[in-house]
Structure formats: C-alpha cells, structure tokens
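Contents: one structure, followed by commentary.
Whatever order the structure lists them in is the order used to number ligands and atoms, beginning at 1. All figures in this text were calculated on a predicted structure; none of them were measured in a lab.
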Amino acid sequence: MAGATPCVGRAPTDCVGEILVTEEQIRTRVKELGKQITADYAGKNPLFVGVLRGAFLFMADLVREVDLPLEIDFMAVSSYGNNTASSGVVRILKDLDEDLEGRHVVVVEDIIDSGLTLSYLRRNLENRAAASVEVCTLLVREGRQKVDEDIAYVGFELPPDFVVGYGLDAGGGYRNLPCIARYIGS
Ligand code: IMP
Ligand code: MG
C-alpha cells in the first residue's frame, strides 16, 4: 500500500482508488520475471507476443530484462468491448506479422480474469505450429478463472476489484498511471 492519491495530474483522481501494486513493486517483479525467463529460455530465441493494448508497457519493460536474443510481435484482441465483464467472445483485431512455426512463443498479457481470452489465444497460437507457447501475465485476478489454464509466469495475484494503470484501462483511460490502482468509477 502506498497512499491514496497515486497519480494526481495523470487521471481524475476521484475515479482511482487505492494503489494495489506500486511502481517500485512492478519494477522489482519485472526484473525477477525477466531473470527467470532468461534462465528458462537459455540457448533459445523466443518470440514475445504482446497482447494489445493492455500489455504494451509490461511488454516494453519485460523484454529489457530478458538477456537473450529475442523478437517481438503484437496481437490485438478484444474480449470486453467497453464493458468491465468478459463476454467470452474474443475477436482478433490485429493479427501477428511473424510466422510461428517452430518458434518458442511467450505470450505477454496484462491480466487474466476469466481466462477466456488466454484460452482462446493459446489454442489459436498452438494451431500455428509453434514449438512451445507459454504465458507471462503481469496480473491474475484470484478465484475468477473459468478455465484452468497453465500460466508459467505471474507477476502478482490480485483481489477481485477492477484495476487500472500500467497499461490497463477503464474505458480507454488511465493506461499511463505508473502503478496498478483500484478503479472506483465515476
Ligand atoms: P478474461 O478473458 O476475462 O481473462 O479477460 C482478460 C482481459 O480483460 C485482459 O487481458 C484485460 O485486457 C481485460 N481486463 C480484465 N480485467 C481487467 C481490469 O481489472 N482492468 C483492465 N482490464 C481488464
Ligand atoms: Mg489483455
């Protein structure tokens, strides 16, 4: 916990609640995840697939902590529209540019809630003949997963509140908050 006015000047603060993960905690954990991935993929040339738009900051920070030759690509999917509950329907808004055949893929996600987006993505990527597909997510919301997905790398587990910041949005906003904060709406 780190005080109640996280981001004055970056967002209407009356919509942003308590900080759940500080900037410092994110930095430390991203370094740890990077080290772990560096060790696990030693001798390989992984392809990091960032899931737009929420994972853009995490992806940027994570790859800088991975000491390996690697490539990056992005996919954009939409599972929520403008609501705050998953519809379970995933649409690919932007597909990958890279060929996945024989590649060791690390999917980089912002948050796993129901797990429906991830479950769809994993099946989709595995069908493209990747050598392996693992998932690295910054956040997992505890006790909400409707599908039992194997997630190799998790930054933090969170309580059931909707959160914003560090790439995660509510209605398109708040992505530039440097921390993860509870969203309390307007
Ligand atoms: P799932 O399919 O229910 O697991 O939803 C996952 C996607 O919904 C994530 O990749 C996010 O883009 C979005 N999402 C879920 N929870 C939150 C949240 O608390 N804040 C912002 N986006 C969220
Ligand atoms: Mg996402």
Side-chain angles (χ1 to χ4, degrees), residues 1-2 6-7 10-23 25-26 29-30 33 48-63 72-96 105-126 133-186:
M1 279 348 126
C7 313
R10 298 188 197 233
T13 45
D14 53 342
C15 297
V16 176
E18 166 198 1
I19 299 181
L20 299 178
V21 189
T22 66
E23 228 179 316
Q25 287 170 322
I26 294 172
R29 188 69 187 120
V30 170
L33 291 170
F48 284 70
V49 171
V51 184
L52 294 173
R53 285 171 269 177
F56 83 108
L57 287 179
F58 180 41
M59 174 85 160
D61 287 342
L62 180 67
V63 294
I72 63 154
D73 202 347
F74 290 96
M75 263 178 109
V77 300
S78 162
S79 55
Y80 274 27
N82 283 325
N83 301 322
T84 54
S86 189
S87 62
V89 178
V90 179
R91 279 190 306 143
I92 294 184
L93 305 176
K94 179 216 171 291
D95 206 348
L96 297 172
V105 174
V106 181
V107 178
V108 180
E109 258 284 26
D110 51 359
I111 182 165
I112 311 294
D113 183 27
S114 69
L116 294 170
T117 306
L118 178 62
S119 154
Y120 169 86
L121 267 183
R122 195 199 288 271
R123 257 180 294 124
N124 184 290
L125 299 181
E126 279 170 355
V133 179
E134 297 294 350
V135 176
C136 179
T137 186
L138 179 68
L139 306 169
V140 171
R141 189 175 281 119
E142 279 167 7
R144 290 261 307 172
Q145 286 73 58
K146 292 183 185 150
V147 277
D148 193 18
E149 284 288 334
D150 184 28
I151 305 165
Y153 309 99
V154 175
F156 302 92
E157 299 206 355
L158 288 186
D161 321 78
F162 199 82
V163 293
V164 292
Y166 195 65
L168 289 93
D169 76 305
Y174 312 98
R175 294 193 197 272
N176 58 330
L177 306 186
C179 55
I180 303 285
R182 185 175 279 142
Y183 178 70
I184 50 183
S186 49

Review point. Does any pair with a residue in residues 164-178 pass salt bridge (charged side-chain N to carboxylate O under 4.0 Å, His left out), and if so which ones, sequence neighbours excluded?
Key: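 Matches after skipping sequence neighbours: Asp169-Arg175.
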
Revision key, fill the gap. Going by the 4.0 angstrom heavy-atom rule, the piece of Leu118 near ligand 1 is neither

Review point. Does Val164 come within less than 4.0 Å of ligand 1, judged by its heavy atoms?
Key: no

Point to revise | Gly54 near ligand 1 by a heavy-atom separation under 4.0 Å | key: no

Using a 4.0 Å cutoff against the non-hydrogen atoms of [X], which atoms of ligand 1 qualify?
X      : answer
Gly115 : 1 (P), 3 (O), 4 (O)
Val163 : 18 (C), 19 (O), 20 (N), 21 (C)
Glu109 : 10 (O)
Ser114 : 1 (P), 2 (O), 3 (O), 4 (O)

Point to revise | Side chains of Asn176 and Tyr166, donor plus acceptor under 3.5 Å | key: no

Any heavy-atom pair between the side chains of [Y] and [X] that's under 4.5 Å?
X      : Y      : answer
Tyr174 : Cys15  : yes
Arg29  : Leu138 : no
Tyr183 : Val163 : no

Check your understanding: Could an N or O of ligand 1 be found under 3.5 Å from any N or O of Arg141, whether backbone or side chain?
Key -> yes

Revision key, fill the gap. The option among Thr117, Asp110, Val51 carrying the non-hydrogen atom nearest to atom 12 (O) of ligand 1 is Asp110

Check your understanding: What do the steps show when you test Cys136 against Leu62 for side-chain contact (heavy atoms from CB on, under 4.5 Å), and what is the final call?
Key -> CA-CA 10 Å; Cys136 179; Leu62 180 67; 3.8 Å; yes

Point to revise | Residues that Arg182 engages under side-chain hydrogen bond (donor to acceptor under 3.5 Å, both in side chains), provided they are two or more places apart | key: Glu18, Asp161

